[in-house]
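Everything numeric in this text was worked out from a predicted model, so none of it was measured.
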Amino acid sequence: MSDSEASPEVFLTRRELRAQREALPALSPATEQFLAPKPEPVVVPAVRPRSRFSASPAKPVGRFPRKRRHPVKIAIAVFAIPAIFLTAALPAYAFTPRAAGDMTSATHSSGNKTVQGLTVAAAATAVTVSRDGFAATTKEQLAAQALAAKKALAAQQVATARAAAAAFAVYGVRAEGDDYPWYNMPTESQGGGLSPLSYYYRECVDFVAWRLNRDAGSTGSSWRWTWNSLTPGGGNASAWASAWSNHGWTTSKTPVVGAVAWFNYNHVAYVQSIGGDGSVVLEEYNWMGSHAYHKRTVSPSDVALFLYPPA
């Protein structure tokens with residue numbers, strides 16, 4: 001019989017199999033044990049201990065499984081990316097709080113093409129640009145500052161000289177070389193009056209007038225030179241140079257013994273001597289407000305003008 005003519009395979013039900021098993025003769029326990037299927041031995045592969053330096057087994061090389069993207073994420077990416085570019089391309093507008101009706105609209109156009117429509121608050125047009133308070137120092141301001149510093153230095157020098165004059169001035173007793181007869185009389189500020197020469201006691205002008213009289217041989221009541229004959233226009237030292245000019249008396253930049261040293265800060269002194277180096281030794285009263293006898297040496301250039309003894 002060929003394979004094509006073989007009878008079809010017949011499957012028995014569980015009940016029929018049980019009936020056949022019960023119809024078989026009973027077997028002995030030894031036979032049943034012999035006929036029972038033996039379990040196959042379990043082979044456990046030997047596990048080789050892994051060293052800390054041993055290389056890990058190579059992973060099979062293959063393509064990673066593709067991750068399925070969620071449709072929602074795809075939709076968000078499709079809409080978000082164009083929105084970012086559109087936002088960056090839009091023009092920026094400034095918002096200013098304003099009242100209703102306080103707006104003006106301006107449209108800039110070139111020919112028939114409108115460039116841009118812009119709405120500007122009316123308050124913005126009234127804003128003016130103000131400069132800060134900084135300004136560069138000009139040459140005139142620098143010159144004024146330099147002049148002020150120079151005046152401050154001169155005032156400081158005058159104060160220092162005044163202090164030195166007060167330190168070396170002699171009060172109450174006649175100093176060596178001082179022959180002024182009214183050295184102990186009260187000054188104007190002390191309630192004193194005019195000397196016989198018609199100048200206030202212990203002023204520079206009264207001392208110099210006394211020296212001019214002494215050099216002229218007049219030391220008594222019949223005075224040769226007084227306020228009326230020397231400086232009738234005024235008693236201050238500042239008027240002596242013009243008084244000499246009005247009298248026609250000699251003035252010069254060259255010092256001589258017995259001349260009057262005239263300073264342009266309202267002071268006069270008597271030229272006592274001239275040194276070999278050309279320096280001038282002065283005698284004076286009330287230098288720097290001391291109202292006392294004083295002696296000092298100066299350069300001829302320090303004196304504005306020398307008034308020679310009157311003729």
Side-chain angles (χ1 to χ4, degrees), residues 154 158 161-162 165 169-171 174-175 177-274 280-311:
V158 168
R162 186 185 298 272
V170 180
Y171 299 92
R174 187 183 297 275
D178 181 14
D179 58 355
Y180 179 63
W182 307 290
Y183 67 94
N184 58 353
M185 294 298 294
T187 64
E188 179 187 9
S189 60
Q190 295 171 343
L194 300 176
S195 74
L197 305 179
S198 298
Y199 297 102
Y200 283 103
Y201 288 117
R202 293 162 58 185
E203 294 288 344
C204 62
V205 288
D206 198 52
F207 173 78
V208 173
W210 153 254
R211 282 295 176 90
L212 293 177
N213 277 281
R214 187 202 67 176
D215 292 348
S218 177
T219 58
S221 58
S222 179
W223 301 102
R224 176 72 177 86
W225 303 111
T226 63
W227 169 84
N228 189 37
S229 57
L230 277 177
T231 58
N236 290 332
S238 58
W240 280 46
S242 59
W244 249 248
S245 177
N246 293 336
H247 285 300
W249 297 336
T250 305
T251 61
S252 175
K253 288 283 188 179
T254 304
V256 294
V257 175
V260 179
W262 181 81
F263 298 89
N264 52 16
Y265 50 85
N266 195 24
H267 183 69
V268 289
Y270 177 80
V271 178
Q272 190 259 354
S273 61
I274 301 174
V280 180
V281 179
L282 300 179
E283 291 180 288
E284 58 200 342
Y285 254 73
N286 198 31
W287 183 58
M288 298 297 177
S290 63
H291 288 100
Y293 175 80
H294 190 268
K295 189 175 182 179
R296 59 182 172 133
T297 302
V298 299
S299 171
S301 60
D302 295 336
V303 182
L305 194 64
F306 292 98
L307 313 179
Y308 285 8

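A donor-acceptor distance shorter than 3.5 angstrom exists from the side chain of S252 to the backbone of T254, with no hydrogens or angles considered. At least one donor-acceptor pair under 3.5 Å links the side chain of N213 to the backbone N or O of W225. No donor-acceptor pair closer than 3.5 Å links the side chain of R202 to the backbone N or O of W182. Looking only at distances, no side-chain donor or acceptor of S299 sits under 3.5 Å from a matching main-chain atom of D302.
Atom CG in L194 sits 8.5 Å away from atom CD in E188 (nearest 0.5 Å). Here the straight-line distance linking atom CG of N266 with atom SG of C204 works out to 6.5 Å at 0.5 Å rounding.
With no hydrogens or angles considered, a side-chain donor-acceptor pair links E284 and H267 at under 3.5 Å. For the residue pair Y293/N286, the side-chain donor-acceptor check at 3.5 Å is not satisfied. In this model, no donor atom of one side chain and acceptor atom of the other lie less than 3.5 Å apart for H294 and E283.
Pairing each heavy atom of G258 with each of P309, the nearest pair is O-CG, 3.4 Å. The two residues K253 and A304 have their closest heavy-atom pair at NZ-O, 2.7 Å. In this structure, L307 and T251 approach most closely via the heavy-atom pair CD2-CG2, 3.4 Å. Across all non-hydrogen atoms, the minimal contact from S222 to S218 is O-OG, 2.8 Å. Shortest non-hydrogen contact noted between Y201 and P196 is OH-CD, 4.2 Å.
Checked against side chain to side chain contact (heavy atoms under 4.5 Å, CB included), S189 has the following partners two or more places apart in sequence or in another chain: T187. Under the rule for a side chain to side chain contact (heavy atoms under 4.5 Å, CB included), the partners of T226 that lie at least two apart in sequence or sit in another chain are L197, W223, N228, S229.
Inter-residue side-chain proximity for V281 and K295 is flagged as met; some heavy-atom pair is nearer than 4.5 Å. Considering only heavy atoms from C-beta on, F306 comes within 4.5 Å of V271 through its side chain. Contact annotation: the side chain of L282 never approaches that of Y270 to less than 4.5 Å [non-hydrogen atoms, C-beta and beyond]. Using a 4.5 Å cut-off on side-chain heavy atoms (C-beta onward), V280 and V303 make no contact. Side-chain atoms of L230 and W249, non-hydrogen and from C-beta on, do get closer than 4.5 Å to each other. Side-chain contact between S195 and Y200 is absent, with no heavy atoms from C-beta onward closer than 4.5 Å. At least one side-chain heavy atom of P310 sits less than 4.5 Å from a side-chain heavy atom of W244. P181 is listed as a side-chain neighbour of W210, based on a closest heavy-atom distance under 4.5 Å.
Under the 30°/60° scheme for interplanar angles, the aromatic rings of W240 and Y199 are found to be tilted. The aromatic rings of Y285 and Y180 sit tilted relative to each other, their planes meeting at an angle between 30° and 60°.
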Using the rule given for side chain to side chain donor-acceptor pair (under 3.5 Å), can you reason through Q190 versus H291, listing the C-alpha separation, both sets of side-chain angles and the distance that settles it, and then say yes or no?
CA-CA 11 Å; Q190 295 171 343; H291 288 100; over 6 Å; no
For Q272 and V257, run side chain to side chain contact (heavy atoms under 4.5 Å, CB included): C-alpha distance rounded to whole Å, both residues' side-chain angles, the deciding distance at 0.1 Å, then the answer.
CA-CA 6 Å; Q272 190 259 354; V257 175; over 6 Å; no
What's the verdict on salt bridge (charged side-chain N to carboxylate O under 4.0 Å, His left out) for D179 and R211, showing C-alpha distance, side-chain angles and the deciding distance?
CA-CA 9 Å; D179 58 355; R211 282 295 176 90; 2.9 Å; yes
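Annotation: cation-pi geometry satisfied between R296 and F263 (NZ/CZ under 6.0 angstrom from ring centroid, within 45° of ring axis).
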